[in-house]
Amino acid sequence: MMTNHKRISRRSLLRTGAALASAPLLMPVRAAMAEADDAPFPLRATSGQASLRSATDGATKVWSYNGKIPGQEIRVRQGERVRVRVENGLEEDTTVHWHGIRTPNAMDGVPFLTQAPIPVGGAFLYEFDALDAGTFWYHPHQRSSEQLGRGLYGPLIVEEADPIRVDRDLTWMLDDWRITRDGQISGDFGNGSDEAHGGRIGNTVTINGVIPDRTAVRSGERIRLRLVNTANARIFGLDFGDLAPVIVAMDGQPVTPHVPESGIFVIGPAMRLDLVLDFTGKPGEVATVTDAFYEGFEYRLVDLVYGAEALRASVPDWPVDLPKNPLAEPDMSTATRHQIVFNGGMMGQTMMGDSRGAMVDQMRQGNFWFINGKAATGAIMDPLLTLPFGTSHVFEMENRTAWHHPIHLHGHSFRVIARDGQPTRNREWQDTVMMAPKERVEIAFVADNPGDWMFHCHILEHTAAGMAGVIRVAPGTIKT
Ligand code: C2O
Ligand code: CU
């Protein structure tokens, strides 16, 4: 199970770059939405270069938005309209998906399902209202493994009307790249080994496009840290050592402030965590953040270095509860229950799944993963389920594989209500839920956004190899 991870070179992960390399970590790029209605925010996907290893190191060829990795931050207030004109400067078709945002179906950015792909040289105007405040992100939904794997992604932050008070509001977009010896992105996208195992795990981890080293903090300060996992496949499990961050939002949605029972902050691909972090150390101390997700492959992610001067002598007592978003509450007394089984993938030398029949034939054709026995084989898909508009549903999901899968539903947020039959403590709202190997997870939501919505694993090589489907919300009006 760990074979892929052996490719990680500790040297590249632990490289001590110039201290300057960490400077971008604490300087969010702000790009306010264009004020005038007639001037949407321009976002151009192109190939270009980036300095992933340090600000002064040689360049890596990447694909990016507006020449930056991550793409420029789009930041609006809750309730504002987002208008983005995406231009395709790539040499292949693309689209943009607004991950976690509840948009009308036509703005969801899934090629063939919700829109025609944006052709080479073409453009598409995305516009929608930012209904929910929170931490979201954008990325292509076409040949996602390669388009994201080469650097196409960026943050979309929707501010609360009345945000919680902090000293600094930072976004860390975590990524994982597979870099060759000559410093370029390895071109082995879509290989069967990645697809049948844990996906494309890389060898170089970046925060906001740079291999992190040290970053400055101040004794007594409070930071809201928005973590976004943009990696194709790597799961992060951050250990903040003596610091005790509190999770205040998951996948953009407010949650009862809490610390994870394990003390490790797990973030699967596409997932977000908003943390409130109080810096309780003394001037001159160093706090190390470690990624401890894969046992035996722990590494130092970044050192947080306290400056010589304290900002304040004690931790502020400002409240950390975020205001609720306008999500419809599922009605558990009328909810329809659906069984959804995830199958496939390698376990040692054996395929997991029904050893006879249709799945075996599919695997020979490179479809390694199945939802209810079906692998997504093309762009046009019959819905797995059709849900009447306005009705409540529980998905009883079962992971029968030996692998983790972060499962994402478009167009909705859902409550995670149970794991392995036990009610969850916080009934957290998510748009992407991690399923551990063999785990059973129940989610509940109201089908209140009409259209055809993707439902897929966000390990992008699993999506490509079949772990995807469509959930249809039939149009209609809510019965009263
Ligand atoms: Cu983040 Cu279907 O995507
Ligand atoms: Cu998966």
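Order of listing sets the numbers, starting from 1, for every ligand and every atom in it.
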Atom name, H462 (N, O or S, nearest to the Cu ion (ligand 2)): ND1

Looking at the Cu ion (ligand 2), which N/O/S atom of H405 is the nearest one? ND1

Using 2.8 Å as a strict upper limit, say whether an N, O or S atom of H97 approaches atom 1 (Cu) of ligand 1 that closely. no

Can you confirm whether or not the ring centre of [X] sits under 6.0 Å from the ring centre of [Y]?
{"X": "Y138", "Y": "Y153", "result": "no"}
{"X": "F342", "Y": "W369", "result": "no"}
{"X": "H404", "Y": "F293", "result": "yes"}

The residue among T95, L43, V82, D108 that forms side chain to side chain contact (heavy atoms under 4.5 Å, CB included) with Y126 is T95

Which of the N/O/S atoms in H99 sits closest to atom 1 (Cu) of ligand 1? ND1

For N/O/S atoms only: which one belongs to H458 and is nearest atom 1 (Cu) of ligand 1? NE2

The Cu ion (ligand 2) to nearest N/O/S of H458 below 2.8 Å: no

Angle class for the H408/H456 ring planes (parallel below 30°, perpendicular above 60°, tilted otherwise)? perpendicular

If you have a sec, read the angle at atom 2 (Cu) of ligand 1 from H410 atom NE2 over to H456 atom NE2, to 10 degrees. 110°

Do T94 and Q142 pass the side-chain hydrogen bond (donor to acceptor under 3.5 Å, both in side chains) test, and can you show the C-alpha distance, the side-chain angles, and the key distance before you say yes or no? CA-CA 5 Å; T94 193; Q142 183 131 5; 6.0 Å; no

